Trainee: 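The following block contains the structure, expressed as structure tokens.
Remember, it's a predicted structure, so these values are computed and weren't measured experimentally. Numbering starts at 1 and runs along the sequence shown.
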Amino acid sequence: QVQLVESGGGLVQAGGSLRLSCAASGSIVSINFMGWYRQAPGKQRELVAGITSGGSTNYADSVKGRVTISRDNAKNTVYLQMNNLKPEDTAVYYCNIWAGPHSYWGQGTQVTVSS
């Protein structure tokens with residue numbers, strides 16, 4: 001079994017920063033894709049940022065220039081550095097990984113940005 005443990009969410013004022021972490025543990029052979037999604041109340045879950053095993057990254061247009069995704073393959077951990085946060089970034093953020101043909105999700109961490 002694979003477990004994802006997220007941390008780093010919280011309450012921050014607009015313009016502030018947060019760093020989310022997601023550590024994967026368990027029966028992992030290799031992780032291909034690692035990503036962060038978010039879901040705001042009443043909205044669909046959306047991809048915020050993703051990173052492949054080769055280091056290629058992609059970002060949602062709404063966060064480009066404010067968010068950086070990175071990974072530590074030795075620790076099976078993915079990070080999301082978020083700067084200049086806006087109230088519209090408020091959501092539950094979920095970590096997602098693909099290990100072989102399997103997709104795994106974290107439990108979610110709340111990010112709230114006050115205006």
Side-chain angles (χ1 to χ4, degrees):
Q1 233 356 322
V2 174
Q3 290 185 328
L4 303 182
V5 178
E6 300 156 345
S7 61
L11 173 64
V12 65
Q13 289 186 334
S17 298
L18 283 175
R19 188 190 194 213
L20 307 183
S21 300
C22 172
S25 62
S27 302
I28 302 172
V29 176
S30 65
I31 299 175
N32 304 319
F33 173 86
M34 305 183 86
W36 288 94
Y37 288 74
R38 67 186 180 187
Q39 188 166 20
K43 295 188 177 181
Q44 290 188 331
R45 190 173 297 189
E46 63 174 356
L47 176 67
V48 178
I51 184 168
T52 68
S53 57
S56 296
T57 58
N58 65 296
Y59 298 92
D61 288 342
S62 59
V63 303
K64 282 181 180 177
R66 301 188 294 118
V67 165
T68 302
I69 189 170
S70 60
R71 61 190 284 175
D72 184 333
N73 291 328
K75 296 181 179 179
N76 287 335
T77 299
V78 61
Y79 305 96
L80 190 70
Q81 177 67 44
M82 301 188 292
N83 300 321
N84 191 22
L85 284 161
K86 302 177 180 181
E88 50 263 44
D89 295 317
T90 295
V92 178
Y93 284 69
Y94 296 91
C95 172
N96 170 250
I97 70 167
W98 280 87
H102 304 292
S103 177
Y104 302 94
W105 291 89
Q107 79 283 1
T109 185
Q110 177 70 44
V111 171
T112 302
V113 184
S114 63
S115 57

Trainee: Just jot down the side chain to side chain donor-acceptor pair (under 3.5 Å) partners of Ser25, sequence neighbours excluded, or say none.
Mentor: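 Side chain to side chain donor-acceptor pair (under 3.5 Å) list for Ser25, sorted by chain: empty.
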Trainee: Give the minimum heavy-atom separation between Gly50 and Leu47, together with the two atoms involved.
Mentor: N-CD1, 4.4 Å
Trainee: Just how far is it from atom CZ of Arg66 to atom OG of Ser17, taken to the nearest 0.5 Å?
Mentor: 10.0 Å
Trainee: For Thr112, what residues pass the side chain to side chain donor-acceptor pair (under 3.5 Å) criterion, not counting sequence neighbours?
Mentor: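 Thr112 satisfies side chain to side chain donor-acceptor pair (under 3.5 Å) with Gln110 only.
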Trainee: Do we see a donor-acceptor contact under 3.5 Å between the side chains of Asn32 and Ser53?
Mentor: no
Trainee: Does CD in Gln3 sit with more than 12 non-hydrogen atoms of other residues, nucleotides or ligands closer than 6.0 Å?
Mentor: no
Trainee: Has the side chain of Arg71 got a donor or acceptor atom that lies under 3.5 Å from a matching backbone atom of Thr52?
Mentor: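 Answer holds: yes.
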Trainee: Linking Ile, Leu, Val, Met, Phe, Trp and Tyr by side-chain heavy atoms under 4.5 Å, what else ends up with Tyr79?
Mentor: none
Trainee: Please determine whether residues Ile69 and Val67 belong to a single hydrophobic cluster, defined as Ile, Leu, Val, Met, Phe, Trp and Tyr linked transitively by side-chain heavy-atom distances below 4.5 Å.
Mentor: yes
Trainee: Can you tell me if Asn96 and Ser103 form a side-chain donor-acceptor pair at under 3.5 Å?
Mentor: yes
Trainee: Once side-chain contact (heavy atoms from CB on, under 4.5 Å) is applied, do any residues pair with Val111, and if so which ones, sequence neighbours excluded?
Mentor: Leu18, Leu20, Met82, Tyr93, Val113
Trainee: Using the salt bridge (Lys or Arg N to Asp or Glu O under 4.0 Å) criterion, which residues pair with Lys64? Sequence neighbours excluded.
Mentor: Asp61
Trainee: For residues 6-60, which residue pairs pass the ring-ring contact (aromatic ring centres under 6.0 Å, His included) check, not counting sequence neighbours?
Mentor: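 Output for this query lists Tyr37-Trp105.
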